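The next block holds one structure in the form of C-alpha coordinates; read it before the comments.
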Amino acid sequence: MAIGRPATLAMASGLILACLLAGGCGGAPRYERHGATPAQQEQDNADCAWEAAKATGNMPGTGREERVQELMDACMRAKGYAKH
(Lines give C-alpha, C1' and ligand atoms only; values in the text may rest on other atoms or scores of the structure.)
Protein backbone atom coordinates (compact mmCIF):
# COMPACT_ATOMS: atom_id res chain seq x y z
CA MET A 1 0.00 0.00 0.00
CA ALA A 2 1.50 3.32 -1.07
CA ILE A 3 1.17 6.46 1.01
CA GLY A 4 0.37 9.66 -0.87
CA ARG A 5 2.54 12.76 -0.73
CA PRO A 6 0.27 14.78 1.63
CA ALA A 7 0.13 11.91 4.11
CA THR A 8 3.88 11.41 3.91
CA LEU A 9 4.51 15.12 4.46
CA ALA A 10 2.13 15.21 7.41
CA MET A 11 3.81 12.19 9.01
CA ALA A 12 7.28 13.62 8.41
CA SER A 13 6.25 17.00 9.81
CA GLY A 14 4.88 15.35 12.92
CA LEU A 15 8.04 13.33 13.42
CA ILE A 16 10.26 16.36 12.91
CA LEU A 17 8.21 18.43 15.30
CA ALA A 18 8.30 15.67 17.93
CA CYS A 19 12.07 15.41 17.57
CA LEU A 20 12.51 19.16 17.90
CA LEU A 21 10.25 19.34 20.93
CA ALA A 22 11.99 16.40 22.63
CA GLY A 23 15.52 17.66 21.98
CA GLY A 24 17.52 20.31 23.77
CA CYS A 25 18.28 20.96 27.40
CA GLY A 26 15.49 23.33 28.30
CA GLY A 27 12.95 22.03 25.87
CA ALA A 28 11.75 23.77 22.76
CA PRO A 29 11.07 27.49 22.91
CA ARG A 30 7.45 28.56 23.06
CA TYR A 31 6.18 30.80 20.31
CA GLU A 32 3.15 33.02 20.80
CA ARG A 33 1.12 35.20 18.45
CA HIS A 34 -1.83 37.23 19.60
CA GLY A 35 -5.00 35.89 18.05
CA ALA A 36 -3.53 32.59 16.82
CA THR A 37 -5.58 29.55 17.75
CA PRO A 38 -3.80 26.51 19.23
CA ALA A 39 -4.49 24.67 15.97
CA GLN A 40 -2.93 27.50 13.93
CA GLN A 41 0.10 27.62 16.23
CA GLU A 42 0.55 23.87 15.87
CA GLN A 43 0.29 24.07 12.08
CA ASP A 44 2.69 27.02 11.83
CA ASN A 45 5.17 25.26 14.11
CA ALA A 46 4.94 22.07 12.04
CA ASP A 47 5.39 24.03 8.79
CA CYS A 48 8.48 25.79 10.16
CA ALA A 49 9.90 22.54 11.55
CA TRP A 50 9.46 20.91 8.15
CA GLU A 51 11.19 23.78 6.34
CA ALA A 52 14.06 23.88 8.86
CA ALA A 53 14.59 20.12 8.62
CA LYS A 54 14.44 20.25 4.82
CA ALA A 55 17.01 23.06 4.71
CA THR A 56 19.44 21.20 7.00
CA GLY A 57 18.75 17.66 5.83
CA ASN A 58 22.24 16.86 4.59
CA MET A 59 24.12 19.06 7.02
CA PRO A 60 26.71 17.28 9.20
CA GLY A 61 25.67 16.66 12.81
CA THR A 62 27.92 19.34 14.28
CA GLY A 63 25.97 22.57 14.40
CA ARG A 64 22.84 21.14 12.80
CA GLU A 65 20.61 21.51 15.88
CA GLU A 66 21.63 25.15 16.30
CA ARG A 67 20.96 25.85 12.61
CA VAL A 68 17.57 24.15 12.79
CA GLN A 69 16.67 26.35 15.77
CA GLU A 70 17.84 29.50 13.96
CA LEU A 71 15.68 28.61 10.97
CA MET A 72 12.70 27.79 13.20
CA ASP A 73 13.05 31.15 14.96
CA ALA A 74 13.26 33.05 11.67
CA CYS A 75 10.30 31.19 10.20
CA MET A 76 8.08 31.71 13.24
CA ARG A 77 9.04 35.41 13.44
CA ALA A 78 8.12 35.76 9.76
CA LYS A 79 4.68 34.34 10.65
CA GLY A 80 4.29 36.98 13.40
CA TYR A 81 5.24 34.92 16.47
CA ALA A 82 7.38 36.01 19.40
CA LYS A 83 9.64 33.56 21.21
CA HIS A 84 9.03 33.11 24.94
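Sequence positions, counted from 1, serve as the residue numbers for this chain. FYI, side chains are in, hydrogens and waters are out, and symmetry mates aren't considered; it's all heavy atoms of this structure. Just so it is clear, the structure is predicted and the values come from calculations on it, not from any experiment.
- Here the side chain of Thr37 pairs a donor or acceptor atom with the backbone of Gln40 at under 3.5 angstrom.
- The shortest non-hydrogen separation linking Gln41 to Arg33 is NE2-N, 3.9 Å.
- The shortest distance between side-chain heavy atoms of Arg77 and Tyr31 does not fall below 4.5 Å.
- Here the shortest heavy-atom pairing between Val68 and Ala52 reads O-CB, 3.8 Å.
- The CD atom of Gln43 lies 10.0 Å from the SG atom of Cys48; values are rounded to the nearest 0.5 Å.
- By the salt bridge (Lys or Arg N to Asp or Glu O under 4.0 Å) test, Arg64 is found to be paired with no residue, residues two or more places apart in sequence or in another chain being considered.
- By the 4.5 Å heavy-atom criterion applied to side chains, Lys83 and Met76 are not counted as neighbours.
- Rounded to the nearest 0.5 angstrom, Met59 CE and Glu65 CD are separated by 10.5 Å.
- Distance check: Arg67 CZ to Thr56 OG1 gives 8.5 Å after rounding to the nearest 0.5 Å.
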